[in-house]
Asks: 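Sending over a structure as structure tokens; questions will come in a sec.
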Amino acid sequence: MGAFVRGVRSDFYKSRHTFLPWIHLFLPLGFALLAILYCSITTLKSETVLSAYLELIGGVFPIVVGLLCSKAADLEAEAGHFQVMMSGTVSRSTAYLSKLFTLLLFGACSVALAIGLFGGFFQKAPSQFYVWAALLLICSSVFLYLLHLFVSFQFGGGASIGLGILETLLALLALTGLGDGIWYYLPCTWGARLGSDLTSMWAHPNNMSFYMEIRTWILIAVPITILALILSLIWFKRWEGRKNYE
């Protein structure tokens with residue numbers, strides 16, 4: 001545990017002079033303030049506003065995760081071409097998990113800030129609704145961080161950002177009827193669809209179909225995410241570094 005904590009602290013030190021902490025602060029601030037400004041002039045129903053806000057956060061998450069993981073990989077590439085993580089004083093698994101945890105912690109704080117600020121202004125839904133919205137968005141992003149860390153380390157930051165753009169397009173398409181029945185198997189769509197379903201559950205509590213949607217997602221997403229974590233650890237233990245550095 002001590003090695004893990006030191007790894008997390010080291011990752012924070014590496015990122016403090018980069019844009020990583022700032023983008024996690026200013027991006028949710030800007031997003032929430034723009035949404036609050038829009039809410040002050042719109043005449044749309046509360047359900048529509050809430051659904052659109054959560055869908056947009058979930059929809060743009062893949063691009064943001066792709067960018068953040070790209071920068072995290074670049075920091076390691078600049079620090080001795082990944083040698084600090086691959087042959088440091090701590091095990092590879094600990095180094096990888098501390099990197100993942102640091103990014104997830106940044107992401108969780110960013111999501112909490114975006115939803116908390118908006119919820120404090122748009123008090124049309126109970127506070128429990130916003131808590132569940134933040135938890136679902138954070139949980140749904142774990143697979144994305146695992147995927148984009150792999151892509152960033154193995155293929156470079158450009159590949160991670162490009163993949164994030166494609167995932168966001170797919171997430172927005174999945175909000176239409178094209179995503180019905182298949183979005184559970186597409187991790188990049190999880191955040192946007194969960195925001196939509198959660199809002200529908202709040203607006204129509206007697207409609208059990210939305211509860212079934214989230215239950216199905218849990219049964220599929222949990223084993224997929226655990227499997228991805230295990231495979232990521234196995235891969236990183238055997239990884240020999242990227243041949244071409246950006």
Side-chain angles (χ1 to χ4, degrees), residues 47 50-66 68-69 93 96-97 99-101 103-112 114-115 119 125-151 160 163-164 166-236:
E47 177 186 356
L50 281 173
S51 181
Y53 185 69
L54 296 180
E55 288 169 5
L56 283 175
I57 293 178
V60 302
F61 225 103
I63 292 180
V64 176
V65 171
L68 299 177
C69 289
S93 296
Y96 182 82
L97 289 174
K99 177 72 67 179
L100 175 65
F101 179 81
L103 289 170
L104 286 172
L105 185 59
F106 273 134
C109 292
S110 187
V111 169
I115 294 181
S127 58
Q128 294 90 337
F129 172 87
Y130 294 107
V131 172
W132 277 108
L135 287 175
L136 287 175
L137 283 170
I138 293 168
C139 292
S140 69
S141 70
V142 175
F143 184 94
L144 292 178
Y145 280 102
L146 289 168
L147 174 61
H148 282 275
L149 269 182
F150 165 74
V151 173
S160 178
L163 177 61
L166 292 176
E167 287 176 323
T168 288
L169 293 175
L170 183 58
L172 296 178
L173 282 174
L175 290 171
T176 67
L178 295 174
D180 293 347
I182 62 171
W183 69 271
Y184 328 103
Y185 306 100
L186 303 172
C188 62
T189 71
W190 289 350
R193 288 291 303 226
L194 286 171
S196 175
D197 284 346
L198 182 65
T199 307
S200 297
M201 286 172 56
W202 164 70
H204 310 284
N206 295 324
N207 191 333
M208 298 302 295
S209 63
F210 303 115
Y211 294 88
M212 294 301 297
E213 285 270 288
I214 293 183
R215 179 178 178 274
T216 301
W217 169 75
I218 292 174
L219 293 175
I220 295 174
V222 171
I224 287 178
T225 303
I226 293 174
L227 179 61
L229 176 60
I230 294 172
L231 291 176
S232 296
L233 290 173
I234 294 174
W235 160 76
F236 193 72

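Index from 1, following the sequence.
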Asks: Evaluate side-chain contact (heavy atoms from CB on, under 4.5 Å) for Tyr130 paired with Leu50, printing each intermediate quantity in order.
Replies: CA-CA 10 Å; Tyr130 294 107; Leu50 281 173; 3.4 Å; yes
Asks: Do Ile220 and Trp183 touch side chain to side chain, with heavy atoms closer than 4.5 Å?
Replies: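 No; the side chains remain at least 4.5 Å from each other.
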Asks: The criterion is ring pair (Phe, Tyr, Trp, His ring centres under 6.0 Å); which residues satisfy it with Phe101, sequence neighbours excluded?
Replies: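 In terms of ring pair (Phe, Tyr, Trp, His ring centres under 6.0 Å), with neighbours along the sequence ignored, Phe101 is linked to Phe4.
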Asks: What's the verdict on side-chain contact (heavy atoms from CB on, under 4.5 Å) for Leu170 and Leu166, showing C-alpha distance, side-chain angles and the deciding distance?
Replies: CA-CA 6 Å; Leu170 183 58; Leu166 292 176; over 6 Å; no
Asks: Hey, what do you get for CH2 (Trp235) to CG (Leu146), rounding to the nearest 0.5 Å?
Replies: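 One gets 10.5 Å once the value is rounded to the nearest 0.5 Å.
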Asks: Can you give me the closest heavy-atom contact between Pro223 and Ile218, atom names plus distance?
Replies: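 Taking every non-hydrogen atom into account, CD-O, 4.0 Å.
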Asks: Using the rule given for side-chain hydrogen bond (donor to acceptor under 3.5 Å, both in side chains), can you reason through Glu47 versus Thr199, listing the C-alpha separation, both sets of side-chain angles and the distance that settles it, and then say yes or no?
Replies: CA-CA 6 Å; Glu47 177 186 356; Thr199 307; over 6 Å; no
Asks: Going from CD on Glu55 to CG on Asp197, what distance comes out if it is rounded to the nearest 0.5 angstrom?
Replies: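 Reported to 0.5 Å precision, the distance equals 9.0 Å.
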Asks: Can you name the closest pair of heavy atoms from Val60 and Thr168 and give their distance?
Replies: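 Nearest heavy atoms, Val60 then Thr168: CA-OG1, 4.0 Å.
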Asks: Taking all atoms of both residues into account, what is the closest heavy-atom pair of Tyr53 and Ala114, and its distance?
Replies: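 Smallest interatomic distance, heavy atoms only, reads OH-O, 2.8 Å.
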Asks: Mind checking the OG-CG spacing from Ser141 to Leu103? Nearest 0.5 Å is all I need.
Replies: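 Nearest 0.5 Å value for the OG-CG distance: 10.5 Å.
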Asks: List the atom of Gly66, the atom of Ser160, and the distance in Å for their closest heavy-atom pair.
Replies: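 Here Gly66 and Ser160 meet closest at O-OG, 3.0 Å.
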Asks: Would you say Trp190 and Leu144 make side-chain contact, with heavy atoms under 4.5 Å?
Replies: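 No, every pair of side-chain atoms sits at 4.5 Å or beyond.
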Asks: Any heavy-atom pair between the side chains of Cys69 and Val151 that's under 4.5 Å?
Replies: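 When only atoms from C-beta onward are counted, Cys69 and Val151 do not touch, as no gap falls below 4.5 Å.
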Asks: For the atom pair CG (Leu135) and CD1 (Ile115), what is the distance rounded to the nearest 0.5 Å?
Replies: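 If I round to the nearest 0.5 Å, the distance is 9.0 Å.
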Asks: Going by the rule ring pair (Phe, Tyr, Trp, His ring centres under 6.0 Å), which residues pair with Trp202 if we only count those two or more places apart in sequence or in a different chain?
Replies: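 Partners of Trp202 under the ring pair (Phe, Tyr, Trp, His ring centres under 6.0 Å) test: Phe129.
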Asks: Can you list the residues that meet the ring pair (Phe, Tyr, Trp, His ring centres under 6.0 Å) rule with Tyr145, with sequence neighbours excluded?
Replies: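 Scan of Tyr145 (ring pair (Phe, Tyr, Trp, His ring centres under 6.0 Å), adjacent residues dropped) gives none.
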Asks: Which distance, rounded to the nearest 0.5 Å, do you find between the CG of Leu227 and the OG of Ser232?
Replies: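 Answer for the CG-OG pair, Leu227 versus Ser232, is 9.0 Å.
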Asks: Look at the side chain of Ser196 and the backbone N and O of Ser51, then say whether any donor-acceptor pair between them is shorter than 3.5 Å.
Replies: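 Judged by distance alone, no pair lies under 3.5 Å.
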Asks: Side chains of Trp217 and Leu136: closer than 4.5 Å at any heavy-atom pair?
Replies: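 The answer is yes, as the side chains (C-beta and beyond) meet within the 4.5 Å cut-off.
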Asks: Considering only heavy atoms from C-beta outward, does the side chain of Leu100 approach that of Val142 to under 4.5 Å?
Replies: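 No. Closest side-chain heavy atoms not under 4.5 Å.
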Asks: Considering only distance and modelled atom types, tabulate donor-acceptor pairs under 3.5 Å from the side chains of residues 171-182, sequence neighbours left out.
Replies:
residue	atom	partner	partner atom	Å
Thr176	OG1	Leu173	O	2.5
Thr176	OG1	Leu178	N	3.3
Asp180	OD1	Arg193	NH1	3.2
Asp180	OD1	Arg193	NH2	3.2

Asks: If I compare all heavy atoms of Gly191 with all of Leu137, which pair ends up nearest, and what's the gap?
Replies: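 Looks like O-CD2, 3.6 Å.
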Asks: Compare all side-chain heavy atoms of Glu167 with those of Leu147 and state whether any distance is below 4.5 angstrom.
Replies: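 Of all side-chain heavy-atom pairs linking Leu147 with Glu167, at least one is under 4.5 Å.
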Asks: Compare every heavy atom of Phe143 with every heavy atom of Ala228, then report the nearest pair and how far apart it is.
Replies: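 Closest heavy-atom pair between Ala228 and Phe143: CB-CE1, 3.6 Å.
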Asks: I'd like to check the ring pair (Phe, Tyr, Trp, His ring centres under 6.0 Å) partners of Phe106; sequence neighbours left out, ordered by chain and number.
Replies: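 Ring pair (Phe, Tyr, Trp, His ring centres under 6.0 Å) check on Phe106 returns Phe12, His24.
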Asks: Over 60° means perpendicular and under 30° means parallel, so classify the ring planes of Phe236 and Tyr96, tilted if in between.
Replies: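 Tyr96 and Phe236: tilted rings.
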Asks: So, using side-chain hydrogen bond (donor to acceptor under 3.5 Å, both in side chains) as the criterion, who are the partners of Tyr184 when residues are at least two apart?
Replies: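 Partners of Tyr184 by the side-chain hydrogen bond (donor to acceptor under 3.5 Å, both in side chains) criterion, ordered by chain and then number, come out as Glu213.
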